[in-house]
Amino acid sequence: MPELPEVEVTRRSFAPSIAGARILSAHLGKPLRWPLGLAPQALVGRRVLAVRRRGKYLLVDLSEGLLLLHLGMSGSLRFAPAEGLPAAGPHDHFDLVTTQGVLRLHDPRRFGAVVYAPQGEEDPVARKLLGKLGMEPLEESFAPAAFYQGLQASRTPIKLLLLGGKLVVGVGNIYASEVLFTAGISPLAPANSIGPRRARRLYEAIRSVLAAAVEQGGTTLKDFSNAYGMPGHFQLQAQVYDREGLPCTRCAAPLRRVLQGQRSTFYCSYCQKL
DNA sequence: CTCACGCCCTGCGCGC
DNA sequence: TGCGCGCAGGGCGTGA
């Protein structure tokens, strides 16, 4: 479900509400991708200072240490008052009960994770997860020149390079297809075959597509909603994702699907050049 | 380094 | 209606 825009929309929806809260208790459900790394009771009494994002990770700064949250493929967060909150269901695997509400992770497939890093971002645990991440596409630090250099340094097909997250983070399988369609570049094009002009178009496409998705409250392709259960606005219709055989919105040719790294890529073989 | 692949786990939609 | 299959928005580890 969640790519960068969805994670960011989730973050914005509850970060102000939880900031300053004191942790009253914490509860684990079934095992997630990785163990939490400490007994949940040990979190009691700490304060939640802020919620930040790095790539698709949410970083919950505590008065001591840091929680790294990842939503995996099927995860979602809710933040609600303890009163009236339903009992944890079979797919609710983490509850952080605070003085200002309960943060609950719901994740049927359990590819998500909640990991405690005692030393914050400098912690070995955090470094292992965050250390190799690429540039943040919506930050000022995401520079066209650095992006172009990154493309030149790899022969990998551009779709796979974008998905890999080592050059730029947060572009998941849906937005990778969408961004390449917007830029008019074939997903099969070797990254280093993309010249400066097209690299610049791709750079702009990444920024504009992701920023628009955040503005719209996250793309609602299936069932995304923020931490208050509010869905995205549906304005951002996918141009190519999951539209195999349907007409291209620009040239009406049937859109294609190919497998890259065992994952589906959708594109228009006429509008998107190698 | 890159790549292909397996794997983690559950749910859904499809064809039969 | 029920069943089996393929597929799903992520990402890590392994081995070639």
Side-chain angles (χ1 to χ4, degrees), chain A residues 1-10 28-35 53-58 68-77 89-94 105-115 124-134 149-181 187-193 209-210 213-214 216-226 231-232 234 236-245 257-266:
Chain A
M1 171 204 296
E3 299 188 26
L4 183 146
E6 290 75 27
V7 175
E8 177 62 15
V9 166
T10 297
L28 292 172
K30 291 188 195 167
L32 292 161
R33 176 158 196 172
W34 297 297
R53 181 187 55 74
R54 179 74 177 97
K56 294 169 191 164
Y57 287 91
L58 288 175
L68 293 132
L69 304 186
H70 199 290
L71 303 181
M73 293 272 264
S74 59
S76 61
L77 288 172
H91 300 312
D92 296 327
H93 304 303
F94 182 71
L105 173 66
H106 177 87
D107 185 4
R109 288 177 75 180
R110 290 192 280 132
F111 288 2
V114 184
V115 175
V125 177
R127 285 203 146 144
K128 176 162 189 191
L129 297 175
L130 307 176
K132 292 180 301 179
L133 297 183
Q149 282 177 26
L151 297 185
Q152 289 307 107
S154 172
R155 290 169 298 165
T156 299
I158 184 59
K159 157 80 174 342
L160 291 174
L161 185 66
L162 291 178
L163 259 189
K166 287 180 185 162
L167 178 57
V168 55
V169 294
V171 184
N173 204 39
I174 295 176
Y175 291 113
S177 285
E178 295 300 312
V179 151
L180 287 165
F181 176 77
L188 308 170
N192 65 357
S193 74
V209 170
L210 294 182
V214 171
Q216 302 292 341
T219 303
T220 307
L221 285 173
K222 289 274 197 297
D223 54 3
F224 172 74
S225 58
N226 68 22
F234 292 92
L236 279 189
Q237 265 297 339
Q239 301 288 301
V240 291
Y241 184 81
D242 204 20
R243 295 178 58 82
E244 181 184 15
R257 181 174 83 98
V258 292
L259 279 182
Q260 290 182 284
Q262 274 87 257
R263 306 186 71 184
S264 289
T265 302
F266 300 86

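So that the names make sense, note that chain A is the first sequence line, chain B the second, and so on, each numbered from 1.
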Engineer: Please state whether the phosphate of B:dC9, meaning OP1 or OP2, lies under 4.0 angstrom from any side-chain nitrogen or oxygen of A:Ser74.
Structural biologist: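 False: A:Ser74 side-chain N/O out of range (4.0 Å or more) of B:dC9 OP1/OP2.
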
Engineer: Within the structure shown, what part of the strands sits under 4.0 Å from A:Lys132 by heavy-atom distance: base, sugar-phosphate, or nothing?
Structural biologist: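 The residue A:Lys132 makes no contact with any strand.
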
Engineer: Classify A:Arg263 by what it touches in the nucleic acid, base, sugar-phosphate, or nothing, heavy-atom distance under 4.0 Å.
Structural biologist: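 It contacts base atoms.
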
Engineer: OP1 or OP2 of C:dG11 versus the side-chain N and O atoms of A:Arg33: is any pair under 4.0 Å?
Structural biologist: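 No, no such contact exists.
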
Engineer: Would you say B:dC9 has OP1 or OP2 under 4.0 Å from some side-chain N or O of A:Lys30?
Structural biologist: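 So the side chain of A:Lys30 is outside the cut-off, no N or O lying under 4.0 Å from OP1 or OP2 of B:dC9.
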
Engineer: Given side chains that start at C-beta, do those of A:Lys56 and A:Pro2 come closer than 4.5 Å, heavy atoms only?
Structural biologist: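 Not touching, per the 4.5 Å side-chain cut-off.
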
Engineer: Tell me the interatomic distance from A:Leu68, atom CG, to C:dG11, atom C1', rounded to whole angstroms.
Structural biologist: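 Whole-Å distance recorded here is 15 Å.
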
Engineer: Output the rounded distance in Å from CE (A:Met73) to P (C:dC7).
Structural biologist: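 Those two atoms, CE and P, are 13 Å apart.
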
Engineer: Assess whether one donor atom and one acceptor atom, taken from the side chain of A:Arg110 and the base of B:dC9, lie less than 3.5 Å apart.
Structural biologist: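 By the distance-only test, no, there is no pair.
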
Engineer: Can you tell me how far apart CG (A:Leu68) and CZ (A:Arg54) are? Round to the nearest 0.5 Å.
Structural biologist: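 The CG atom of A:Leu68 sits 12.0 Å away from the CZ atom of A:Arg54.
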
Engineer: So, does A:Glu3 use its side chain to make a donor-acceptor pair with the main chain of A:Tyr175 at under 3.5 Å?
Structural biologist: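 The answer is yes, because a donor-acceptor pair under 3.5 Å joins these two groups.
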
Engineer: Searching all strands shown, indicate the nucleotide that pairs with C:dA8 (Watson-Crick or G-U wobble; both distances under 3.5 Å).
Structural biologist: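 Per the H-bond distance test, B:dT10.
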
Engineer: Rounding to an integer number of Å, can you tell me how far A:Arg109 CZ sits from C:dG9 P?
Structural biologist: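 It works out to 8 Å between those atoms.
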
Engineer: Does the side-chain ring of A:Phe111 sit on the six-membered ring of the C:dG11 base, less than 5.5 Å centre to centre and under 30° in tilt?
Structural biologist: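 Here the ring of A:Phe111 and the base of C:dG11 are not stacked, as the 5.5 Å and 30° limits are not both satisfied.
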
Engineer: Using atom P in both nucleotides, what's the gap between B:dG6 and C:dG6 to the nearest angstrom?
Structural biologist: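 Between the two P atoms, the distance is 13 Å.
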
Engineer: Provide, to the nearest angstrom, the distance between the CG atom belonging to A:Leu69 and the P atom belonging to C:dG10.
Structural biologist: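 For the pair A:Leu69 CG and C:dG10 P, the rounded distance is 17 Å.
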
Engineer: Report the distance from atom CD of A:Glu178 to atom C1' of C:dG9, rounded to the nearest whole Å.
Structural biologist: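 Going from CD in A:Glu178 over to C1' in C:dG9 covers 12 Å.
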
Engineer: Only one of A:Asn192, A:Leu162, A:Leu161 clears side chain to side chain contact (heavy atoms under 4.5 Å, CB included) with A:Leu151; which?
Structural biologist: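 Considering A:Asn192, A:Leu162, A:Leu161, a side chain to side chain contact (heavy atoms under 4.5 Å, CB included) with A:Leu151 is found only for A:Leu161.
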
Engineer: Reckon A:His91 has a side-chain N or O less than 4.0 Å from the OP1 or OP2 of B:dG11?
Structural biologist: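 For B:dG11, OP1 or OP2 has a side-chain N or O of A:His91 closer than 4.0 Å.
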
Engineer: Is A:His70 close enough to C:dG11 that one of its side-chain N or O atoms is under 4.0 Å from OP1 or OP2 there?
Structural biologist: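 So the side chain of A:His70 is within the cut-off, an N or O lying under 4.0 Å from OP1 or OP2 of C:dG11.
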
Engineer: If each of A:Ala153 and A:Gln262 is mapped to the nucleotide of DNA chain B with the nearest heavy atom, which maps nearer the 5' terminus, i.e. the 5' end?
Structural biologist: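 Checking each residue's closest nucleotide, the 5'-ward one belongs to A:Ala153.
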
Engineer: Give one of base, sugar-phosphate or nothing for A:Pro157, where a contact means two heavy atoms less than 4.0 Å apart.
Structural biologist: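 Answer is sugar-phosphate: A:Pro157 comes under 4.0 Å of backbone atoms only.
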
Engineer: Less than 4.0 angstrom between a side-chain N/O of A:Tyr175 and OP1 or OP2 of C:dG9, yes or no?
Structural biologist: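 No, A:Tyr175 has no side-chain N/O under 4.0 Å of OP1/OP2 on C:dG9.
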
Engineer: Which one, C:dC7, B:dG11, C:dG10, comes nearest to the side chain of A:Pro108?
Structural biologist: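 Selected nucleotide: B:dG11.
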
Engineer: Check the side chains of A:His93 and A:Asp107 for a donor-acceptor pair under 3.5 angstrom, ignoring hydrogens and angles.
Structural biologist: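 Absent: no donor and acceptor within the cut-off.
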
Engineer: Using the P atom in both, what is the distance from B:dC5 to C:dC7, to the nearest Å?
Structural biologist: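 Rounded to whole Å, the distance is 14 Å.
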
Engineer: What's the NZ-P distance between A:Lys166 and C:dG10, to the nearest Å?
Structural biologist: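 Checked: the NZ to P distance equals 16 Å.
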
Engineer: Kindly say whether A:Gln239 contributes a backbone atom to a donor-acceptor pair with the side chain of A:Glu178 at under 3.5 angstrom?
Structural biologist: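 Confirmed, A:Glu178 side chain pairs with A:Gln239 backbone.
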
Engineer: In Watson-Crick or G-U wobble terms, both distances under 3.5 Å, what is the partner of C:dT1?
Structural biologist: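 C:dT1 is paired with nothing.
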
Engineer: Measure the distance from NZ on A:Lys56 to P on C:dG9 and round it to the nearest whole Å.
Structural biologist: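 Result: 10 Å.
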
Engineer: For A:Asn173 and C:dG9, give me the distance from atom CG to atom C1', rounded to whole Å.
Structural biologist: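 One finds 7 Å between C1' of C:dG9 and CG of A:Asn173, rounded.
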
